[in-house]
Number of protein chains: 2
Amino acid sequence: MTYHTKYTMGEAIRQYEKAFNALGDPTRRTIFKKLQNGPLPVVAIAKGLTVSRPAVSQHLKVLREAQLINISSQGAQNIYEIDPKGIIAMRDYLDQFWNEALDRFKQLAEQSEKKKTKSK
Amino acid sequence: MTYHTKYTMGEAIRQYEKAFNALGDPTRRTIFKKLQNGPLPVVAIAKGLTVSRPAVSQHLKVLREAQLINISSQGAQNIYEIDPKGIIAMRDYLDQFWNEALDRFKQLAEQSEKKKTKSK
DNA sequence: ACTTACGGTAAGTAATGACTTACCATACAA
DNA sequence: TTGTATGGTAAGTCATTACTTACCGTAAGT
């Protein structure tokens, strides 16, 4: 019946789309979080996770294609680290909504500002 | 075999997790984008989309639970509009990585700042 | 009351995608 | 060269989820 086809083959997939898709998965968010404190080889990333090492490799691939992480080999090891490009793409996407719709809910925005002291 | 269980029943699902999950789907991003220019009733949202109206209702439910949109009924119509809470939750999540890992890629960060004039 | 428009929910199906094990390739050490 | 550690890819399976059609309830107009 083939009624269910997203990404209707004409349109290019943007960076932020890949990024949202990537961070849409909890395991990938866990992996991403692990890299927050610095670069790690794959085994270190997989350690402690409930899923197998190949599964981790597959997740890393998705994160890499979303430009949320970088790879760099060091001998037999593949070291992954956070790549700001994906984060920037997502922030820019969110800011777009932020800016254009801001006037409609200014009060709510202000509320959030108060309890944060907003870094930078 | 039950080898595949995420959200290991102890942990609460945070707001930003729901939000990332919600925007992880392309159809929901399309819907979300439609609301960017102001509130719309369901039929207006569904118009132009390739999926059925019930499918839209289901997506709206997910977006609502992620606090990315608000509902308000007006007679027989259900009007949806963007809710900043979900956006804020995601921004805060991203900012966390931003701040803690910033030193490792300062130069890239600066690049992005330049071509944006950074709202607020 | 009857009809029409709006839209949520139920039940079932099909596509997607998150996993598994098995295998292979590469780097380095003995 | 042989062995060991690292990690990517292949093929297949199962869970999830994005859909469908059918149905029902509510609001407003005639």
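The sequence lines fix the lettering, A, B, ..., with proteins before strands; numbering per chain opens at 1. The analysis underlying the following values was restricted to heavy atoms, covering all of them including side chains, and did not include hydrogens, waters or symmetry mates.
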Next item on the list: For A:Arg64, answer base if it contacts any base atom (sugar-phosphate contacts may also be present), sugar-phosphate if it contacts only those atoms, and nothing otherwise; contact means non-hydrogen atoms under 4.0 Å.
Entry: nothing
Item checked: Protein-nucleotide distance (B:Ile71, atom CD1; C:dC6, atom C1'), rounded to Å -> 12 Å
Margin query: Of the listed nucleotides (D:dG8, C:dT20, D:dA18), which one gets closest to any side-chain atom of A:Ala55?
Written below: C:dT20
Check: Do B:Leu68 and B:Leu35 touch side chain to side chain, with heavy atoms closer than 4.5 Å?
Finding: no
Notebook entry, point to check: Between atom CD in B:Glu65 and atom P in C:dG8, what is the gap in whole Å?
Noted result: 13 Å
Next item on the list: Sugar-phosphate means primed atoms, P, OP1 and OP2; the rest is base. With that split, encode nucleotides 24-30 of chain D 5' to 3' as B, S or - using protein heavy atoms under 4.0 Å.
Entry: ---SS--
Notebook entry, point to check: With respect to the side chain of A:Asn78, which nucleotide from C:dG7, D:dT20, D:dG7 is positioned closest?
Noted result: D:dG7
Check: Which sits closer to the 5' end of DNA chain C, B:Ala44 or B:Gln58, going by the nucleotide each is nearest to?
Finding: B:Ala44
Note to self: To the closest 0.5 Å, what do you measure between CG (B:Leu63) and OG1 (B:Thr27)?
What the structure shows: 10.5 Å
Item checked: Where A:Gln15 and A:Glu65 come nearest, the two heavy atoms and their spacing -> NE2-O, 3.5 Å
Note to self: Side chain of A:Leu60 only, heavy atoms from C-beta on: which candidate in D:dG7, C:dT9, D:dG8 is closest?
What the structure shows: D:dG8
Next item on the list: Quickly work out the B:Leu63 CG to D:dT17 P distance and round it to whole Å.
Entry: 15 Å
Notebook entry, point to check: Nearest-Å distance, CD1 (B:Ile79) to P (C:dC6)?
Noted result: 11 Å
Check: So, is A:Arg28 close to the C:dA18 phosphate, meaning a side-chain N or O under 4.0 Å from OP1 or OP2?
Finding: yes
Next item on the list: Would you kindly give the CD1-to-C1' distance between B:Ile69 and C:dG7, to the nearest whole Å?
Entry: 13 Å
Check: Heavy atoms under 4.0 Å, any strand shown: does A:Pro54 hit a base, just sugar-phosphate, or nothing?
Finding: base
Next item on the list: Ignoring backbone atoms, test whether B:Ser52 places a side-chain nitrogen or oxygen under 4.0 Å from the OP1 or OP2 oxygen of D:dT20.
Entry: yes
Notebook entry, point to check: Is the closest side-chain heavy-atom distance between B:Leu23 and B:Met90 below 4.5 Å?
Noted result: yes
Item checked: Whole-Å distance separating the CG atom of A:Leu49 from the C1' atom of C:dT20 -> 16 Å
Margin query: In terms of relative ring orientation, are B:Phe97 and A:Phe32 parallel, tilted or perpendicular, with 30° and 60° separating the classes?
Written below: tilted
Checklist line | Spacing between B:Gln77 atom CD and C:dA5 atom P, to the nearest angstrom | finding: 13 Å
Checklist line | Side chain of B:Lys61 (C-beta onward), nearest among C:dT9, C:dT20, D:dC19 | finding: C:dT9
Margin query: Please identify which of these residues, A:Arg29, A:Arg28, A:Arg64, meets the side-chain hydrogen bond (donor to acceptor under 3.5 Å, both in side chains) condition with A:His59.
Written below: A:Arg28
Next item on the list: Mind calculating the distance between NZ (B:Lys47) and P (C:dC6) to the nearest angstrom?
Entry: 9 Å
Checklist line | A:Thr27 side-chain N/O to C:dC19 phosphate OP1/OP2 under 4.0 Å | finding: yes
Next item on the list: May I ask you to evaluate whether A:Tyr80 reaches the phosphate of D:dT6, defined as a side-chain N or O under 4.0 Å from OP1 or OP2?
Entry: no
Check: Who are the side-chain contact (heavy atoms from CB on, under 4.5 Å) partners of A:Ala44, not counting sequence neighbours?
Finding: A:Leu40, A:Pro41
Margin query: When you measure from the side-chain N and O atoms of B:His59 to the phosphate of D:dC19, is any distance below 4.0 Å, counting only OP1 and OP2?
Written below: yes
Margin query: I'd like to check B:Leu60 versus B:Asn78 (side-chain heavy atoms, cut-off strictly below 4.5 Å). Are they in contact?
Written below: no
